[in-house]
Number of protein chains: 2
Amino acid sequence: MTQSRAYHHGDLRRALLDAAVEVMAESGPAALSLRDLARRAGVSHAAPAHHFGDKAGLLTALAAQGFELLAEALRGAGDDLIDTGVAYVGFAVRHRAHFEVMFRPDLYRADDPEVAAARTRAGELLRTGVARRTGRGPDVDALAAWSIVHGFATLWNSGALPPRVGPDPEAAARTVISRLFP
Amino acid sequence: MTQSRAYHHGDLRRALLDAAVEVMAESGPAALSLRDLARRAGVSHAAPAHHFGDKAGLLTALAAQGFELLAEALRGAGDDLIDTGVAYVGFAVRHRAHFEVMFRPDLYRADDPEVAAARTRAGELLRTGVARRTGRGPDVDALAAWSIVHGFATLWNSGALPPRVGPDPEAAARTVISRLFP
DNA sequence: ACTCTAACTTGCCATTGACAAGATGGCCCC
DNA sequence: GGGGCCATCTTGTCAATGGCAAGTTAGAGT
């Protein structure tokens, strides 16, 4: 993970990633500008290139971080399938910027080995979570479960859901997932 | 819908929208450039501004068109709930560019009256489709149905699904939706 | 102390979105 | 049939961006 010790800036790589998350969380991925991130970090406009190569490189790092955060969230949800689904939604809402990048492969290098590894790790957790519950071939159940939580999270984040769903995404998600796995 | 008769270009507005769909379908929404669209249409770089104001204006028109196409697709699916869900996925896959823009409100003016109207129309069709089938309060069922088809479509379009799901998104979607409404 | 290299800066260029001001051409109405 | 009118499109310009090249700095190892 390119662990960098303290250098000129302190930890520019991390600062840039954090700033990117902040910008995207409030203005969406389209508003992201490397030069703006550099300004926020107090460095020159070309400094980001040294750590990430280009914009896609920065987003690749963000995606990898995102898949790791997702795996962490899923692990923390325990053994219950419903809880795992709720955790997926919770991750998407809480780490909206990461989530949006992760599933937009045109923005980053999806074949990056680090990203691929993290993605596989998170995918394993999802599938074992489903297999633990349902006796049948996990294929359909896993796909249905993934679809329903991913869809709910995406719709919630895009603001497409009507207000009567309520203010708490995780509570609403629990209800919805329970409809699939009663 | 601002029906324009033949003028200098022929129908620049339509040509620009078509070109935008083409570009986004193969390179994603981030690759969209007004100047590139103008070049493809054979007009000057400032011509698009006259029809759409700015980039968000063009995407607003695209989103409105998308919601209308979605409504059309849902209407064409008939009365069956499963068919309606499959049609949703079919629309998302077939009109990928429209679909991506529609659910990315940071890219366009979601409060545009024309968009809002088209969105409402499509939403009605979705909800009545669900209410027709399930006796219970349609809230949970409708949300679950929307989530599962939207999630499947999004995952399919982002290339996140494993190959064993097969090559036909609509067939796979039918299986998944049937899992929710046996 | 000296070097060597990672981390950063300065400077540059092509592209883009947006705006302003002007040119063009078809259509209406007398 | 001709003159005005307005939507349509063009030319020109500006600030911002991404990316590249070449130079500078600082800190770590020996």
Side-chain angles (χ1 to χ4, degrees), chain A residues 1-20 22-24 26-63 97 101 104-109 112, chain B residues 1-24 26-63 101 104-109 112:
Chain A
M1 272 292 271
T2 319
Q3 209 58 278
S4 0
R5 287 156 301 180
Y7 44 87
H8 303 172
H9 171 276
D11 193 349
L12 180 57
R13 185 188 158 94
R14 181 192 207 80
L16 290 172
L17 287 175
D18 289 353
E22 190 183 349
V23 170
M24 291 182 52
E26 61 189 19
S27 312
L32 202 69
S33 141
L34 288 182
R35 290 169 108 102
D36 180 43
L37 298 184
R39 273 189 295 268
R40 285 167 184 252
V43 294
S44 84
H45 68 253
H50 187 263
H51 290 275
F52 301 106
D54 56 3
K55 200 172 184 177
L58 185 143
L59 293 178
T60 301
L62 211 91
V101 173
R104 207 159 301 165
D106 57 309
L107 291 184
Y108 66 100
R109 286 182 274 277
D112 177 271
Chain B
M1 270 296 268
T2 318
Q3 211 54 281
S4 357
R5 287 157 302 179
Y7 43 88
H8 301 173
H9 171 276
D11 194 347
L12 180 56
R13 185 188 158 93
R14 182 192 207 77
L16 290 172
L17 286 176
D18 289 353
V21 167
E22 190 184 349
V23 170
M24 291 181 53
E26 60 190 19
S27 312
L32 201 69
S33 143
L34 288 182
R35 290 170 109 102
D36 179 44
L37 299 184
R39 273 189 295 269
R40 286 167 183 254
V43 294
S44 85
H45 62 85
H50 186 265
H51 291 274
F52 301 106
D54 56 4
K55 199 174 183 176
L58 185 142
L59 294 177
T60 301
L62 212 90
V101 172
R104 207 160 300 166
D106 58 307
L107 291 184
Y108 67 99
R109 287 183 273 277
D112 177 271

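Every chain is numbered from 1, with letters handed out A, B, ... down the list of sequences. Please read all numbers here as calculations on a predicted model, not as lab measurements.
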Whole angstrom value for the distance that separates [atom2] of [N] from [atom1] of [X]:
X	N	atom1	atom2	value
A:L12	D:dT25	CG	C1'	15 Å
B:R14	D:dT8	CZ	P	16 Å
B:F52	D:dA7	CZ	C1'	15 Å
A:K55	C:dT16	NZ	C1'	12 Å
B:R13	D:dA7	CZ	C1'	14 Å

What nucleic acid atoms does [X] come within less than 4.0 Å of, heavy atoms only: base, sugar-phosphate, or nothing?
X	result
B:A46	base
A:L58	nothing
A:L37	nothing

Got a sec, which residues hit side chain to side chain contact (heavy atoms under 4.5 Å, CB included) with A:P105, two or more places apart in sequence or on another chain?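 So A:P105 forms a side chain to side chain contact (heavy atoms under 4.5 Å, CB included) with A:A110, B:S158.
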Look at the side-chain N and O atoms of [X] and state whether any lies under 4.0 Å from the OP1 or OP2 oxygen of [N].
X	N	answer
B:S33	C:dG17	yes
A:H51	C:dC8	yes
A:R39	D:dT17	yes

Choose from [options] the nucleotide whose nearest atom is closest to any side-chain atom of [X].
X	options	result
B:L34	D:dT10, C:dG17, C:dC8	C:dG17
B:A47	D:dG18, C:dA18, D:dC9	D:dC9
A:H45	D:dC9, C:dC12, D:dT13	C:dC12
A:R35	D:dC9, C:dC12, C:dT9	C:dC12

Which atom names give the shortest non-hydrogen contact between A:D54 and A:L34, and what distance separates them?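 Answer, listing the atom of A:D54 first, then A:L34: C-CD1, 4.3 Å.
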Heavy atoms only: give me the nearest B:L37-B:V23 pair and the separation to one decimal.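 Minimum heavy-atom separation between B:L37 and B:V23: CD2-CG2, 4.1 Å.
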Both A:D36 and B:H50 contact DNA chain D. Which one's nearest nucleotide lies toward the 5' end? B:H50
What's the spacing between A:D106 CG and B:M24 CE if we round to 0.5 Å? 9.0 Å
Side chains of B:Y108 and B:L62: does their closest heavy-atom pair fall under 4.5 Å? no
Nearest-nucleotide check on DNA chain C, A:S44 vs B:A49; residue mapping nearer the 5' end is A:S44
